[in-house]
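A short worksheet on the structure shown next.
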Protein chains: 2
Amino acid sequence: MHALTEGLEDYLEAILVCESEHRFVRTKHIAEKMNVSSPSAHAAVKELAKMGLVEHESYGYIELTSEGRNQAEKVYSKHKVLFRFFRDFLGLPDDTSEANACGIEHHFDDLTTKRFRRVFEFLLSKIAEDKDFEEELKKALKND
Amino acid sequence: MHALTEGLEDYLEAILVCESEHRFVRTKHIAEKMNVSSPSAHAAVKELAKMGLVEHESYGYIELTSEGRNQAEKVYSKHKVLFRFFRDFLGLPDDTSEANACGIEHHFDDLTTKRFRRVFEFLLSKIAEDKDFEEELKKALKND
DNA sequence: ACCTATAATTAGTGAAGGCTAACTTTATTA
DNA sequence: TAATAAAGTTAGCCTTCACTAATTATAGGT
């Protein structure tokens, strides 16, 4: 059985996000989201369909299977926690945080993600409840 | 001029590490380190040579140029801080930490790296000087 | 109903980066 | 020193994933 490549994982995630933005997902939306041509998006969808992760009637809408949705949500949840880490904790701009999360999400296995999430949440609660901690952290991030 | 791809960045880094392990770097060492065939390693070295990042006499040794060494060290320093974060802070096994660092290092730009490094160092010092903090952190990481 | 614009698809191409098999060079050792 | 082993290299092929150009299908307006 073919494994999901990093690229196809990105497409799967894009489809999930498109769903929430358009209700009906089409080749065009995916191409826009991924910044690729429509033939490239089309080929990716075809590949995902072959793996049973999406359904795609010719010239019609694209839908995630439940299997595909599971995988997409798994990737996307990594994306979100990483994005928040870069933006809220390292104080990076939105676009940088987005790019970082996008590049990195594929490299976090389950254990790494679980640990990372816990540490991140711990640190956020620490910031919320301990003003000194927050101050020290801010100081550490000064002087770019 | 061609930019350094993610793959070539890996090779460059591997050459730097091989240097410290073998004194004389050969195609074979790189192939072993990268887990690729020797023709693949050879092709990568050839490409790096074309970019002026290594020197390679046929059937001889492989050496980094000063330009190549700069770039390799830049990547490797990201690798090291990431590795330590995963191992010492998230408590992940060495091989997982290594794999994570390897996959992620390419996606950290200068600002991200600087911020990340500072936060990591701040947290380490926090652990060192504040036993309560260390305990709470450990607790947060329990129950895999 | 038909014409046109938009979208989707197919066909064909190229770069990156991997592989094996075959061949050449260098090194070792009998 | 000649034979063989080991390493390096070359040639040729495959996959992934992008692209453009050309074709086909659908949908809207008249």
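Letters A, B, ... are given to chains in the order of the sequence lines, protein chains preceding strands, and every chain is numbered from 1.
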- What is the nucleic acid contact for H29(A), judged by heavy atoms within less than 4.0 Å: base, sugar-phosphate only, or nothing? nothing
- Message: Under 4.0 Å, counting only non-hydrogen atoms across every strand here, what does T27(B) touch: a base, just sugar-phosphate, or nothing?
- Response: sugar-phosphate
- Task: Using a strict 4.0 Å threshold on nitrogen-to-oxygen distance, state whether K139(A) and E136(A) make a salt bridge.
- Result: no
- Message: Under a 4.0 Å threshold between the charged nitrogen and the carboxylate oxygen, would R118(B) count as salt-bridged to E121(B)?
- Response: no
Using whole Å, report how far [atom1] of [X] lies from [atom2] of [N].
X: Y59(A); N: dT6(C); atom1: OH; atom2: P; result: 17 Å
X: E47(A); N: dT10(C); atom1: CD; atom2: C1'; result: 16 Å
X: Y61(A); N: dA8(C); atom1: OH; atom2: C1'; result: 13 Å
X: N35(B); N: dC19(C); atom1: CG; atom2: P; result: 9 Å
X: E6(B); N: dT16(D); atom1: CD; atom2: C1'; result: 15 Å
X: L8(A); N: dT16(D); atom1: CG; atom2: C1'; result: 9 Å
X: E32(B); N: dA6(D); atom1: CD; atom2: P; result: 14 Å
X: R26(B); N: dT9(D); atom1: CZ; atom2: C1'; result: 12 Å

- Query: In terms of the angle between their ring planes, are F85(B) and F85(A) parallel, tilted or perpendicular, with boundaries placed at 30° and 60°?
  - Reply: tilted
- Query: How do T5(A) and H42(B) order along DNA chain D: which one's closest nucleotide is nearer the 5' end?
  - Reply: H42(B)
- For dG17(C), does either OP1 or OP2 sit under 4.0 Å from a side-chain N or O belonging to S40(B)? no
- Message: Would you say K46(B) places a side-chain N or O within less than 4.0 Å of OP1 or OP2 belonging to dT9(D)?
- Response: no
- Message: Closest approach to the side chain of S37(A), judged atom by atom: which nucleotide of dT9(D), dT20(D), dA18(D) is it?
- Response: dT20(D)
- Give the nucleotide from the list dA18(D), dA21(D), dT9(D) with an atom nearest to the side chain of P39(A). dA21(D)
- Note on the structure: Per nearest nucleotide of DNA chain C, the residue lying toward the 5' end, Y11(B) or K28(A), is K28(A)
- Query: Side chains of H106(A) and E9(A): donor-acceptor distance under 3.5 Å anywhere?
  - Reply: yes
- Considering all heavy atoms, the nearest L141(B)-L90(B) contact: CD1-O, 4.2 Å
